[in-house]
Amino acid sequence: MTDEHSATQGQTAGTAIDTTVPHSARIWNYWLGGKDNYEIDRVAGDQFSAIYPGIVDIALADRAFLGRVIRYMTDEAGVRQFLDVGTGLPTAANTHQVAQSAAPESRVVYVDNDPLVLAHARALLTSSPEGSTSYVDADMHDAGTVLREAAQWLDLSQPVALTFMGVLGHVVDHEEARSIVAGLLGGLPSGSYLSINDSVNTSPALEEALRVYEASGAVPYRTRTPEQFAGYFDGLELIEPGVVNVDDWRPDPGSPRGPRIPQLGAVGRKP
Amino acid sequence: MSTDDEPLADISGPTVPRMILGNQLHRFREAAGISPDRAGYEIRASRSKISRMENGKVGFKERDVADLLDLYGITDEETRGGLMTLARQANAPGWWSKYGGDIMTDWFEEYLGLEAAASVIRAFELQFVHGLFQTEAYARAVTLLGNTSAPADEIDRRVGLRLKRQDLLTGPRPPQVWAVLDEGALRRPFGGQAVMRGQLNRLIEVSELRHVTIQVVPFSRGGHAAAGGSFTVLRFGDDDVPDVVYIEQLTSALYLDKREDVDHYLEVMNHLSTEALTPAQTPQFLSEIIKET
């Protein structure tokens, strides 16, 4: 049903699903109202939201931001190629669905190295007949592998929209996160776009919730300063309205506004 | 599985019988041309109560069900008996469906209703090729195996029913079907080698459908595959309807919809899906088995 290939395929990934600690993608799925989560994730998710109730607003706002960004890419920037790093478990309105509903010929490559996420993505994220949806099983640190694999489906001489939606906080060290972004963007041509959303460190309650989350044994998630977040876009032309709260990035007219959340988003164009 | 009369574990909730009974009541009401208001009046309730009942959102008073069936002109004792049983189950948390013999067919037909209502069907098959993917010859071989003394026309009807089920795959809004097949299900030559080769080719064809994903767990992988039997997880589009685990038995079927049970089966299914060959690797593996069959 899909074109799919990856450098690491053939490895038995089953043992890599650890159900004894909360799992980021499954908790996110829980916050978004999905059913692909276990008791341990629901407990961790509830514990998180007890400390920081805004997390569900963040989950929903991130999803809405993703939708508006992808529609901007297809409708206004004319992009037809997407490299989505950090796929997550399938939910409503995934990148390829948004892109292909506007431009059916869109080609989307999802990058993740979580076996559970990859298995779901391969089975459930199915492409439009006109376009393609593919999956790269790789670590985002490994820009060379990601780009080489992505090149099987994307024409890397043409603009690509590179997205990191709520994933860079998984990289504990900020400089390392910067180099991941720079490494992948470096392999894309002029006229390509970068979009990121992520949490910033302006909410003590969120910081506390993340500390408790980390103590549960889950993979840590780190916020950045607003300046660090903006720094991801150094050297790019920021698309209006620039680096803003995700809810303020080209909101749909008349759409209801959620509560303020420490979540920034932006889109930049590679000159 | 136990077939004696000891009280069975409180292992599944009332959701499935509610859905099934509600669906039946809806069909009977529509067939009788009776409005929700009129039906509500009959049982001293509102139109929205009727709607909630028909959507399987609430329990059922047996008296209400009996009154509605009277109103809808349902007099057949067997039908009424089956529905009253469902009404009791719809109120009693924890039930195993333990229908025997002739009524089993009705029950399986209801499963087909659930299957048709599902938005995602995840199946693990240890021994047989999944019913949604069977060729007629394979379905016949498997049916004969389980009904050695059945007359020919009964075999035909059973095979016909199985094939009719597959209309789902070509319908206007097919569910996403994600099946994990153990290699054993592909190696056991039901109906002989020619039938099996035809069946394996069918699997390759079906796997090309956009909404179908097939993954094989080779013998060389999958300790988890040995840990349990075949099962199916049905997911419905409505966020409020929980996933349902369906486990077919020799003379009945088991439905689980309590969260801890569903969690456990989803976890096993996820392990299987990650251990199996990827959807892209699977056709090649199927081709190799065809050569060896």
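Keep in mind that what you see is a predicted model, and the values were worked out from it rather than measured. Every chain is numbered from 1, with letters handed out A, B, ... down the list of sequences. Heavy atoms only: backbone and side chains are in, while hydrogens, waters and symmetry mates are out.
Rounded to the nearest 0.5 angstrom, B/Leu266 CG and A/Asn37 CG are separated by 9.0 Å. Rounded to the nearest 0.5 angstrom, B/Thr213 OG1 and A/His120 NE2 are separated by 11.0 Å. How far CG of B/Asn270 is from CG of A/Asp36: 7.0 Å, rounded to the nearest 0.5 Å.
For the side-chain contact (heavy atoms from CB on, under 4.5 Å) test, residues two or more places apart in sequence or in another chain that qualify with A/Tyr110 are A/Asp84, A/Thr87, A/Asn94, A/Thr95, A/His96, A/Val108, A/Leu125, A/Thr133, A/Tyr135.
The shortest heavy-atom contact between A/Ala119 and B/Thr274 is CB-CG2, 3.8 Å. Across A/Lys35 and B/Phe236, no two heavy atoms sit closer than the pair NZ-O, 3.4 Å.
A/Leu124 has its side chain out of reach of B/Arg122: every pair of non-hydrogen atoms, C-beta onward, lies at least 4.5 Å apart.
Contacts between B/Val262 and chain A at a heavy-atom distance below 4.5 Å are absent for every atom of the residue.
Counting heavy-atom pairs closer than 4.5 Å to chain A, the top-ranked of the candidates B/Arg259, B/Glu260, B/Gln176, B/His264 is B/Arg259.
Under the 3.5 Å distance criterion, the side-chain polar atoms of B/Asp263 are matched with a main-chain donor or acceptor of A/Glu39.
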